[in-house]
Amino acid sequence: MSKSRKPVPAPLPEPEVVDIQELKAAIAAGEYDLVCVLGPTASGKTRYAVALARALGGEIISADSRQVYRGMDIGTGKDLEEYGDVPYHLIDIADAGEQYNVHRFQEDFSAAWADIRSRGRVPVLCGGTGLYISAVTAGYDFETKRPLSDESRSDSQVCAANPALPGKVFFIGTLVEREERNRRIDARLDERLASGMVEEMRTLLASGVPAATLISYGLEYKFVTQYVLGELEFAQMRTLLATAIHQFAKRQMTWFRGMERSGVKIHWVEV
RNA sequence: GGUGCUGUAGCUCAGCUGGUAGAGCAAUGGACUGAAAAUCCAUGUGUCACUGGUUCAACUCCCGUCAGCACCA
């Protein structure tokens with residue numbers, strides 16, 4: 001009847017080695033006006049991006065739809081101390097309970113990107129929210145509801161279409177093998193649970209953030225809040241949450257593969 | 001030692017009076033642009049514990065074996 005193509009696990013991308021000095025020279029020569037570090041959760045992208053930014057004389061622009069909220073620290077894994085002396089942007093820019101979105105991100109990114117460049121520094125976009133990354137690197141026009149360019153970043157169409165967004169982007173992806181990724185997710189979850197994540201939910205709830213809003217933020221905010229509300233047992237919450245984060249990481253990879261399929265070149269590195 | 005129950009997809013389990021098997025969860029692939037850590041779509045060949053028997057045909061009936069559980073000794 002029909003060819004039932006059964007889903008085969010996507011092969012792991014071929015790891016590459018990115019020569020930082022070479023990249024630095026290319027940026028100086030105007031070949032790129034943004035470096036983007038992306039990857040699934042728990043792949044080590046923040047650590048990598050910070051080291052990269054330091055080597056390039058850059059500043060980080062976070063592309064994380066949840067780290068924008070103040071007071072949501074443990075559950076989003078902000079790890080602000082990891083940045084050290086490297087400046088970061090778009091973290092803690094909205095109140096918990098507020099409704100941030102892609103459109104605001106595009107505007108905020110644009111301002112941060114222009115600001116960093118105006119000071120002669122290198123902007124490094126880093127995060128795991130694929131939608132946000134695509135909205136500013138592939139470009140998207142919220143007026144016409146259409147992509148600014150459906151081609152790869154091999155020309156300057158986007159630049160011409162919207163000078164407020166970068167035209168040429170160098171993408172680096174942090175690579176982790178599936179099993180290892182899940183192991184890290186589980187270990188990190190236990191660490192967060194042990195370091196006050198439940199307390200964080202109670203504090204947010206006490207500060208007036210509605211439970212329904214917190215739950216709508218998903219993952220840790222969803223399951224831990226349900227636990228605090230007594231809707232889930234602790235062990236049950238832990239199991240469901242771990243599974244949900246594994247699924248989330250898979251969805252992130254699906255988005256990145258989609259970017260590659262549409263022509264974006266991502267240099268995957270092992271960290 | 002005896003009796004009873006159970007043994008089916010990674011997990012929990014359905015499979016009426018026999019016609020080689022399905023649901024949920026998980027997993028995998030995909031979609032996605034003003035909530036995206038959200039939302040949605042697609043995909044199920046497994047020695048039906050093992051052996052023998054009855055039958056045109058057994059996961060489904062019968063004998064036995066093994067394993068787990070419960071109860072009685």
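The chains referred to below are lettered A, B, ... by the order of the sequence lines, with proteins before strands, and numbering in each begins at 1. All values below come from the heavy atoms of this structure, side chains included, with hydrogens, waters and symmetry mates left out. From a predicted model like this one, the values you see are computed outputs, not experimental measurements.
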Just how far, in rounded Å, is [atom2] of [N] from [atom1] of [X]?
X: D64(A); N: A35(B); atom1: CG; atom2: C1'; result: 14 Å
X: M253(A); N: C32(B); atom1: CE; atom2: P; result: 17 Å
X: M72(A); N: A38(B); atom1: CE; atom2: P; result: 12 Å
X: K250(A); N: G30(B); atom1: NZ; atom2: C1'; result: 8 Å
X: N101(A); N: A37(B); atom1: CG; atom2: P; result: 13 Å
X: D186(A); N: A26(B); atom1: CG; atom2: C1'; result: 14 Å
X: I74(A); N: A37(B); atom1: CD1; atom2: C1'; result: 17 Å
X: Q106(A); N: A36(B); atom1: CD; atom2: P; result: 14 Å

What contact category does [X] fall into here, base, sugar-phosphate, or nothing, at under 4.0 angstrom with non-hydrogen atoms?
X: Y100(A); result: sugar-phosphate
X: A244(A); result: nothing
X: G75(A); result: base
X: K222(A); result: nothing

Between [options], spot the one nearest the side chain of [X], thanks.
X: Q99(A); options: A37(B), A35(B), A27(B); value: A35(B)
X: R257(A); options: G34(B), U33(B), G29(B); value: G29(B)
X: T243(A); options: A35(B), A36(B), A27(B); value: A27(B)
X: P9(A); options: U33(B), U28(B), G34(B); value: U28(B)
X: A10(A); options: A27(B), G29(B), A37(B); value: G29(B)

Please give the distance between the [atom1] atoms of [N] and [M] as a whole number of Å.
N: C11(B); M: U43(B); atom1: P; result: 23 Å
N: U45(B); M: G22(B); atom1: C1'; result: 14 Å
N: C59(B); M: G7(B); atom1: C1'; result: 12 Å
N: A21(B); M: A9(B); atom1: C1'; result: 10 Å
N: C69(B); M: A26(B); atom1: C1'; result: 26 Å
N: C50(B); M: G46(B); atom1: P; result: 15 Å
N: G19(B); M: G10(B); atom1: C1'; result: 30 Å
N: A14(B); M: C72(B); atom1: P; result: 25 Å

Tell me whether the side-chain N/O atoms of [X] come closer than 4.0 Å to OP1 or OP2 in [N].
X: R146(A); N: U33(B); result: no
X: Y132(A); N: A36(B); result: yes
X: R251(A); N: A36(B); result: no
X: R261(A); N: G30(B); result: yes
X: R178(A); N: G29(B); result: yes
X: R66(A); N: A38(B); result: no
X: Q247(A); N: A26(B); result: yes

Test: R146(A) and D141(A) ion pair at under 4.0 Å: no
Comparing T76(A) and T254(A) on RNA chain B - which has the more 5′ nearest nucleotide: T254(A)
Whichever of L219(A) and F142(A) has its nearest RNA chain B nucleotide further upstream toward 5':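 Its nucleotide being nearer the 5' end, the pick is F142(A).
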Steps toward side chain to side chain contact (heavy atoms under 4.5 Å, CB included) verdict (L165(A), F109(A)): CA-CA 8 Å; L165(A) 294 176; F109(A) 165 85; 4.0 Å; yes
Shared hydrophobic cluster, M201(A) / L229(A) (ILVMFWY, side-chain heavy atoms < 4.5 Å):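 M201(A) does not cluster with L229(A).
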Over 12 foreign heavy atoms within 6.0 Å of CD, E143(A):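 Not more than 12 within 6.0 Å, no.
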Mate of [N] where both pairing distances stay under 3.5 Å, Watson-Crick or G-U:
N: U12(B); value: A23(B)
N: C50(B); value: G64(B)
N: A42(B); value: U28(B)
N: A57(B); value: none
N: A70(B); value: U3(B)

Between Y221(A) and E200(A): side-chain donor-acceptor atoms closer than 3.5 Å: yes
Mutual orientation of the aromatic rings belonging to Y32(A) and F170(A) [parallel < 30°, tilted 30-60°, perpendicular > 60°]: perpendicular
Residues R202(A), E199(A); criterion salt bridge (Lys or Arg N to Asp or Glu O under 4.0 Å); working and verdict: CA-CA 5 Å; R202(A) 294 211 170 92; E199(A) 213 26 64; 3.5 Å; yes
Euclidean distance, F105(A) CZ relative to L131(A) CG, rounded to 0.5 Å: 9.5 Å
